[in-house]
Each structure stands twice: as structure tokens, then as C-alpha cells.
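Note: hydrogens, waters and symmetry copies are ignored here, and every other heavy atom, side chains too, is used.
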Amino acid sequence: MSKREVHSSLQPFFLSLSITALYGVLIITVFNIIGFQLTFISTVIGALGVAAGLALSGTLQNFAGGVLILLLKPFEIEDHIIAQGQDGRVQTIQLFYTEILTADNKTVIIPNGKLFNEVITNITRQGKRRLDVDFKLNFGVDIDQVKEILNTAIKGVPNVLGEPATKVGVLLLEADGMRFTVRVWVDPAHFLATKMALQEKIINDIKAAGIKFPGMA
């Protein structure tokens, strides 16, 4: 298994399963050699197998999900994912469950059966993430002036990537004003810090230019 690069988490399970199966074959072979009738025992074993299968259906589903996650790799350890309503970084992938660590330092354990059969958002895989900041201003503002302020604000915020290019402009026209949008790209690891810094920079620069947000006196 090591030569064929079988995942290290799967090797102990397959080894244990193989040993158990070989012991079963050995016992049945010995009974056949001594002429022992196995019809009744086979019936009992079959009935027990069905009962165990029904009782462990959820566990088996989690096991199958764990194997598929390890083989197909929709995410790996240290990837940042969103799944089952949870948002965090993958700490460990076990055969029956996956542990993720949330931003507020909570360990969340998700059964692999549910995890693999639902939508998984892998934030880390593409290497960059788009950050959107939207806000509203009154119709009386100078659009070109606002765009200049926003482009200057973006340059003053660390961790904003140069590529893909940033986008700034009017996103929507609403009854009570214009909704502007700022779209920049950041490293996923710096997403939250960059978002807070960018929002604060935009608010301060717009106020400094004498432009009021809706609702301001």
C-alpha cells in the first residue's frame, strides 16, 4: 500500500479489514475440512449481518464519505471551506468525520456522509478570493470624484492583489440613491483583515472629501 501511495489514513483500516477477512476464510475452510455443516451458521451470520448493516447504516455512510473525500480530495488539510453551514479551516480528515476550526476558535466535527453529499465551497483552492464592498450615496455626488477617492483608498490598503484588476463603479440605481461597488482580489488568508481595513479606509476618505452618506446630518 505504501508503494502504491495509498493514503496513510486508509492503510490501517485496509490492513485490519484484510486480516479479519482472512481469519473468516480460514475458519470456514477448517470447518469444511472436518465436515462440519455450515448451513445453520451461515443463516445466523447472514441474519446478524443484515441487522448490523441496518444498525450501522449511518456509520457506513460516513465511512464511505470519508474514503471518497480522501480519494477524490475535494479539500485537503489546511484548506478553508464552507460546508454544512460552517466556515473554517480543515484540521483533520478522519474516516468517519472531518474537523474544521472556525475563525472564533471553535472545533466543529462534521460527519463525512453529510459532508460529501452536500455542497462544499473550497475557498483556498484557487489561491485568491474576490472581496466586494457595496455602499450607497445620494444622486447629487460627483461619480468621477467618488471613483477617484475609491481607487486612491484601494492603493492605501495592504494585501490587495494587483491581478485580477480591481473594479469600481455604480452597481445599482435605487429610488433613494446610487449603490457603488468596490471589487478587489485578496489572498484568502487575509480576507477578513483586508475587508475591515478597506471599509474603514473608504468611509474615512469619503467623509474627508466632504461627501455625506445617506442618513448623515
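Proximity of a side-chain donor or acceptor of Asn138 to a complementary backbone N or O of Gly140 within less than 3.5 Å is not detected.
Looking at residues two or more places apart in sequence or on another chain, you find a salt bridge (Lys or Arg N to Asp or Glu O under 4.0 Å) between Glu174 and Lys136, Arg179. By the side chain to side chain contact (heavy atoms under 4.5 Å, CB included) test, Pro111 is found to be paired with Asn62, residues two or more places apart in sequence or in another chain being considered. In this structure, the side chain to side chain contact (heavy atoms under 4.5 Å, CB included) partners of Tyr97, at least two apart in sequence or on a different chain, are Gln94, Glu99, Ile109. Considering only residues two or more places apart in sequence or on other chains, Phe116 meets the ring-ring contact (aromatic ring centres under 6.0 Å, His included) condition with none of them. By the salt bridge (Lys or Arg N to Asp or Glu O under 4.0 Å) test, Arg130 is found to be paired with Asp132, residues two or more places apart in sequence or in another chain being considered. Residues passing the side chain to side chain donor-acceptor pair (under 3.5 Å) test with Thr121, sequence neighbours excluded: none. Checked against salt bridge (Lys or Arg N to Asp or Glu O under 4.0 Å), Asp205 has the following partners two or more places apart in sequence or in another chain: Lys201.
Of all non-hydrogen atoms in Pro188 and Gly127, the two that sit nearest each other are CD-O, 3.5 Å. Contact record, Ile100 with Gln86: CD1-CB, 3.6 Å, taken as the closest heavy-atom pair. Between Thr124 and Arg89, the shortest heavy-atom contact is OG1-NH1, 4.4 Å.
Under the 4.5 Å side-chain contact rule for hydrophobic residues, Leu137 and Leu171 do not share a cluster. Hydrophobic cluster membership is shared by Leu72 and Leu70, with clusters built from Ile, Leu, Val, Met, Phe, Trp and Tyr side chains linked at under 4.5 angstrom. Hydrophobic clustering (ILVMFWY, side-chain heavy atoms < 4.5 Å, transitive): Ile120 and Ile82 are in distinct clusters. Residues Phe213 and Met196 do not share a hydrophobic cluster, defined by chaining ILVMFWY side chains whose heavy atoms lie under 4.5 Å apart.
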Could you list the donor-acceptor pairs under 3.5 angstrom formed by side chains in residues 143-169, with sequence neighbours left out?
| from | atom 1 | to | atom 2 | distance (Å) |
| --- | --- | --- | --- | --- |
| Asn151 | ND2 | Lys147 | O | 3.1 |
| Thr152 | OG1 | Glu148 | O | 2.9 |

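The hydrophobic cluster of Leu101 has no other members, since no ILVMFWY side-chain heavy atom comes under 4.5 Å of it.
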Verify side chain to side chain contact (heavy atoms under 4.5 Å, CB included) between Ile69 and Leu115, making sure each step is shown before the conclusion. CA-CA 9 Å; Ile69 288 172; Leu115 184 59; 3.9 Å; yes

Test side chain to side chain contact (heavy atoms under 4.5 Å, CB included) applied to Asn204 and Ile202, step by step: CA-CA 6 Å; Asn204 291 332; Ile202 290 173; over 6 Å; no

Should Leu22 and Leu26 be marked as a side chain to side chain contact (heavy atoms under 4.5 Å, CB included) after you check the CA-CA gap, both sets of side-chain angles, and the distance that decides it? CA-CA 6 Å; Leu22 289 173; Leu26 175 63; over 6 Å; no

Apply side chain to side chain contact (heavy atoms under 4.5 Å, CB included) to Leu172 and Met178, showing your working. CA-CA 6 Å; Leu172 289 172; Met178 298 178 288; over 6 Å; no

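Residues Ile123 and Ile81 have side chains not in contact (no heavy-atom distance under 4.5 Å, counting atoms from C-beta outward). Annotation: side chain of Ile110 is in contact with side chain of Val108 (closest heavy-atom distance under 4.5 Å).
For residues 71-92, no pair satisfies ring-ring contact (aromatic ring centres under 6.0 Å, His included), with sequence neighbours left out. Applying the ring-ring contact (aromatic ring centres under 6.0 Å, His included) test to residues at least two apart or on different chains, the pairs with a partner in residues 150-182 are Phe135-Phe180. Within the structure, the side-chain hydrogen bond (donor to acceptor under 3.5 Å, both in side chains) test picks out the following pairs touching residues 101-120 (sequence neighbours left out): Thr98-Asn112, Thr102-Asp104.
No more than 12 heavy atoms of other residues, nucleotides or ligands lie within 6.0 Å of OH in Tyr23, so this atom counts as exposed by the packing criterion.
With rounding to the nearest 0.5 Å, the separation of CG in Leu131 from CZ in Arg129 is 8.5 Å. The distance from atom CZ of Phe191 to atom NZ of Lys128, rounded to the nearest 0.5 Å, is 15.0 Å. With rounding to the nearest 0.5 Å, the separation of CG in Asn122 from CD in Glu76 is 8.5 Å.
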